[in-house]
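Single-structure report; data block below.
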Amino acid sequence: MTHRRDFFKTTLAVSSLLGIAGTASAASSSKPIVVSTWDFGVAANQAAWEVIKTGGHALDAVEAGARIPEVDMKNHSVGRAGYPDRDGHVSLDASIMDERWRCGAVAALEHIAHPISVARRVMEKTPHVLLVGAGALQFAIEQGFQPEELLTPESEAAWKDWLKEARYAPVANSEMSTYGHAPGSVVPGDVHNHDTLGILALDAQGRLSGACTTSGMAWKLRGRVGDSPIIGAGLYVDGEIGAATSTGVGEEVIRNAGSFLVVELMRQGRTPQQACEEAVMRIVKRRPEAVKTLQVGFLALNTKGDVGAFAIQKGFVYAQCDAAKTDLVVPAKSVFG
Ligand code: SD4
């Protein structure tokens, strides 16, 4: 049997060997910043900034930020008003991660409007990382979340319209997307009604965190899970290096462990911009036949507060918030841009 004292001695020895100082966060003087995917990220960033500007933790900031689009009734790709799956069920995916490799996620969660907060409870209250479906709902209810019907009359109407042809075509979710719209009803320039929110924050103490929340692909197969709740795919945070998140066709991101790849590339010395570009190009190289219609975008932030973003298709934008400006929207570069 290992005695407690021996355990601490061993832990201390290993820690000093590895140079671990108790926390993985960066130097204490850093440039606080919040970035998130798409222009609806502006409101999310501002909620996150309220936490950051008063010295709060980046983890609280990204959760507060993610909760904004989750209850935005105009947003049909995240949370409460998300479009349903092929069978009319609204099912939500979310993940959250902090600078100490703590993470939690839920997938295919129904009836709960704030999957990001359930993901945080998974992280903080269980020994697990990911809960799915009925088990995730049971856990959420046990934790005091109120179940409700998420399918709004508007979402139901859009779903019924889609059912007329019932054609599932996950084409590029750039500004010319069919996401969030019935086939044939593409709304050019409409970037409000689709896409995942991925939000990354660096707080005043140099702590990084990230959150990702989505209703996934509209009209997906029941039980389909995208990249957003998969740690390393839709979201990854390494407190010593940086953080990344993704938007677009989740299957392509999962196949390439996308957000983990972006962070690993930063570890190897790439800037956030170079890392996002290299990760996107890897997908392009592996799927040359699909990239004309496929959209994937990455957003990355390092511990210095440098930001990068890159997508396959043009139209991807991200929102940025810092002490100088809280409502910046920046068009990302892209392969076909
Ligand atoms: C998914 N990545 O479920 C999400 C959807 C998304 O832009 O980001 N759409 O695959």
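Every heavy atom of this structure was used, including side-chain atoms; hydrogens, water molecules and symmetry mates were not. Every number for a ligand or one of its atoms is a count from 1 in the order of the listing.
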So the atoms of ligand 1 within less than 4.0 Å of a heavy atom of Gly248 turn out to be 1 (C), 2 (N), 4 (C), 5 (C), 6 (C), 7 (O), 8 (O), 9 (N), 10 (O)
If you measure every N or O of Val249 against every N or O of ligand 1, does any of those distances drop under 3.5 Å?
no
Need the ligand 1 atom indices (1-based, order shown) with element for anything under 4.0 Å from a heavy-atom of Asp227.
1 (C), 2 (N), 4 (C), 10 (O)
Check: Asn302 side chain, Lys304 main-chain N or O, donor-acceptor pair, under 3.5 Å:
yes
Show me which atoms of ligand 1 lie under 4.0 Å from any heavy atom of Gly226.
3 (O)
Without hydrogens or angle criteria, can the side chains of Gln274 and Glu278 be said to hold a donor-acceptor pair below 3.5 Å?
no
Under-4.0 Å salt bridge between Arg255 and Glu251:
no
Min over Thr196, Val296, Asp93 of heavy-atom distance to atom 6 (C) of ligand 1 lands on Thr196
Atom indices of ligand 1, in the order listed, that fall short of 4.0 Å to a heavy atom of Asp195:
7 (O), 9 (N)
Should Arg224 be listed as contacting ligand 1, given a heavy-atom distance under 4.0 Å as the test?
yes
Report the distance from atom CG of Asp98 to atom OG of Ser209, rounding to the nearest 0.5 Å.
5.0 Å
Decide if the gap between the ring center of Tyr83 and the ring center of Trp219 is smaller than 6.0 angstrom.
yes
After noting the C-alpha distance and the side-chain angles of Tyr236 and Phe260, does the key distance pass the ring pair (Phe, Tyr, Trp, His ring centres under 6.0 Å) rule?
CA-CA 6 Å; Tyr236 197 70; Phe260 183 74; 4.9 Å; yes
Between Arg67 and Glu70, does any side-chain N to carboxylate O distance fall below 4.0 Å?
no
Flag Thr214 as yes when one of its N or O atoms lies below 3.5 Å from any N or O atom of ligand 1, and as no otherwise.
no
SB check Asp322 Lys325 (cutoff 4.0 Å)
no
Kindly confirm or rule out an N or O of Ser246 lying under 3.5 angstrom from an N or O of ligand 1.
no
Residue part near ligand 1, for Glu252, under 4.0 Å between non-hydrogen atoms
neither
Check each atom of ligand 1 against the heavy atoms of Gly216 and keep those under 4.0 Å away; list them by number with element.
3 (O)
